[in-house]
Amino acid sequence: MSQSKLVVATSNQGKLKEIRTLLEDTNWLVLGLSDFNLQDTAIIETGNSYLENALAKANNIAKLTGIITLADDSGLEVNALGGKPGVVTARFGGPLLNDNQRCDYLLKLLTDVPKEKRQACFRAVLAISIPGGLNFAREGILNGYIAQSFRGENGFGYDPIFELQDGRTLAELGSEKQQISHRFQAMRAIKKVLREFDHG
Ligand code: ITT
């Protein structure tokens with residue numbers, strides 16, 4: 001059986017790596033934007049929800065490539081900040097910060113917040129765009145806490161400051177993150193939809 005092709009509409013290499021791992025047990029050949037020379041395509045995320053943004057990214061790249069496109073819009077929601085940063089997680093603290101500086105910014109905002117009030121969750125919406133006009137989306141959530149300081153070397157983004165119930169941060173996990181994460185849960189659901197379109 002030949003492989004069916006799918007492109008992932010993300011400029012975030014951490015996400016792309018995780019999505020490739022999560023699709024390893026399928027028949028999909030996972031391509032990135034650079035396979036189409038589209039790595040510099042700026043997709044403006046103006047939506048007020050993860051769903052709107054994920055659909056915009058997926059539809060935009062599906063139009064440009066003509067193949068099935070998967071997009072991920074995700075974010076961190078911190079209870080003590082009323083659910084912020086949410087859809088603007090990637091730009092939290094300003095557009096020029098890197099991942100470590102964003103984590104730092106969040107830790108500083110929470111300096112006086114005690115452990116029992118540091119609940120947070122990661123949310124991911126995965127959307128697929130089937131050329132011709134069909135769209136599907138599924139969501140996943142991971143509950144945890146914002147740590148007091150950075151710990152761990154793995155993963156990307158806010159992983160070093162996102163603590164699980166057992167006290168480890170996501171960046172301290174190895175491959176285990178891919179069995180529990182918000183992205184894993186959304187992917188488990190969207191894989192069922194993708195199966196219908198795998199004509200490889
Ligand atoms: P694309 O839009 O190109 O996919 P992006 O990084 O801008 O890349 P989002 O707009 O969806 O993606 O923003 C997601 C933000 O949430 C970003 O700051 C990530 O670092 C963070 N994030 C999402 N999932 C994460 C995870 O599993 N671990 C750590 N941080 C995560």
Side-chain angles (χ1 to χ4, degrees), residues 1 3-33 49-51 53-55 57-58 68-79 83 85-87 89-90 99-100 102-103 106-107 115 118-128 136-198 200:
M1 188 157 147
Q3 282 187 295
S4 303
K5 283 184 189 164
L6 166 158
V7 60
V8 184
T10 184
S11 55
N12 182 321
Q13 297 309 306
K15 270 189 194 178
L16 180 60
K17 190 170 168 216
E18 290 193 1
I19 289 171
R20 280 189 197 284
T21 303
L22 292 169
L23 285 168
E24 256 167 12
D25 62 351
T26 69
N27 187 46
W28 291 94
L29 176 65
V30 180
L31 303 171
L33 292 177
S49 67
Y50 302 106
L51 178 62
N53 286 335
L55 288 172
K57 291 187 264 193
I68 295 184
T69 303
L70 175 68
D72 167 310
D73 202 67
S74 41
L76 183 61
E77 298 172 11
V78 180
N79 286 15
V87 285
T89 298
D99 280 351
N100 274 352
R102 270 181 228 293
C103 288
L106 178 56
L107 289 182
K115 159 92 187 165
R118 295 175 79 93
Q119 292 99 333
C121 75
F122 267 124
R123 202 183 292 270
V125 171
L126 288 176
I128 49 179
F136 301 90
R138 297 290 184 269
E139 183 177 282
I141 297 178
L142 177 66
N143 289 311
Y145 299 85
I146 302 302
Q148 305 280 356
S149 58
F150 286 69
R151 286 196 325 276
E153 303 295 327
N154 302 321
F156 69 96
Y158 296 80
D159 282 346
I161 62 163
F162 188 88
E163 213 170 81
L164 300 170
Q165 190 70 45
D166 68 10
R168 290 179 299 168
T169 66
L170 282 180
E172 289 179 307
L173 305 186
S175 56
E176 227 178 308
K177 181 183 172 190
Q178 314 316 329
Q179 292 156 26
I180 59 165
S181 76
H182 45 308
R183 190 160 292 107
F184 158 77
Q185 291 176 42
M187 186 65 88
R188 188 170 52 184
I190 208 107
K191 271 180 180 172
K192 295 187 185 147
V193 181
L194 277 172
R195 237 178 264 148
E196 305 291 320
F197 295 94
D198 176 6

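Basis for what follows: all heavy atoms, side chains included, without hydrogens, waters or symmetry-related copies. In this chain, numbering begins with 1 at the start of the sequence shown.
- By the neighbour-count criterion of 12 heavy atoms within 6.0 Å, atom NZ of K17 is sparsely surrounded, having that number or fewer from other residues, nucleotides or ligands.
- Between T89 and P85 the shortest heavy-atom distance is OG1-CG, 3.5 Å.
- Annotation for A120 and V78: closest pair CB-CA, 4.1 Å, computed over non-hydrogen atoms.
- Within the structure, ring pair (Phe, Tyr, Trp, His ring centres under 6.0 Å) pairs that include any residue of residues 146-166 comprise F122-F162 (at least two apart or interchain).
- Between A124 and A186, the shortest heavy-atom contact is O-CB, 3.8 Å.
- In terms of heavy atoms, R151 sits closest to A171 at O-CB, 3.5 Å.
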Please assess D72 against T10 for the test side-chain hydrogen bond (donor to acceptor under 3.5 Å, both in side chains), listing each intermediate value before the final yes or no. CA-CA 7 Å; D72 167 310; T10 184; over 6 Å; no
Take I128 and V193 through the test side-chain contact (heavy atoms from CB on, under 4.5 Å) and record every step on the way to the result. CA-CA 9 Å; I128 49 179; V193 181; 3.8 Å; yes
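- In this structure, the side chain to side chain contact (heavy atoms under 4.5 Å, CB included) partners of T21, at least two apart in sequence or on a different chain, are E24, Q178.
- Of the possible polar contacts, none joining the R118 side chain to the Y145 backbone as a donor-acceptor pair under 3.5 Å is found.
- Taking CG from L31 and CG from L6, the interatomic distance works out to 7.5 Å, rounded to the nearest 0.5 Å.
- For the pair N53/V125, no side-chain contact is recorded, criterion being any heavy-atom separation below 4.5 Å from C-beta on.
- Closest approach of K5 to W28, counting heavy atoms only: O-CZ3, 3.5 Å.
- Looking only at side-chain heavy atoms (C-beta outward), E176 and R168 come within less than 4.5 Å of each other.
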Mind running side-chain contact (heavy atoms from CB on, under 4.5 Å) on I68 and L194 for me, showing each step along the way? CA-CA 9 Å; I68 295 184; L194 277 172; 4.3 Å; yes
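- You'll find the side chain of L170 reaches within 4.5 Å of the side chain of L164, heavy atoms only.
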Do L23 and M187 pass the side-chain contact (heavy atoms from CB on, under 4.5 Å) test, and can you show the C-alpha distance, the side-chain angles, and the key distance before you say yes or no? CA-CA 8 Å; L23 285 168; M187 186 65 88; 3.9 Å; yes
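- Panel note: side chain E153, backbone E172; no donor-acceptor pair is recorded below 3.5 Å.
- Distance check, rounded to the nearest 0.5 Å: NZ of K15 to CZ of R183 gives 6.0 Å.
- Between R123 atom CZ and L142 atom CG the span is 11.5 Å, to the nearest 0.5 Å.
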I'd like to know whether K177 forms a salt bridge (Lys or Arg N to Asp or Glu O under 4.0 Å) with E18, so could you lay out the CA-CA distance, the side-chain angles of the two residues, the decisive distance to 0.1 Å, and finally the verdict. CA-CA 9 Å; K177 181 183 172 190; E18 290 193 1; 2.6 Å; yes
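- Residue R195 holds its CZ atom at 12.0 Å from CG of N27, rounded to the nearest 0.5 Å.
- Put simply, OG on S181 and CZ on R188 are 10.5 Å apart, with the number rounded to the nearest 0.5 Å.
- Nearest heavy-atom pair, P160 versus G157, reported as atom, atom and distance to 0.1 Å: CD-O, 3.4 Å.
- Distance CZ/F136 to CD1/I190: 8.5 Å, rounded to 0.5 Å.
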Criterion side-chain contact (heavy atoms from CB on, under 4.5 Å) on L173 and N154, from CA distance to verdict: CA-CA 7 Å; L173 305 186; N154 302 321; 5.8 Å; no
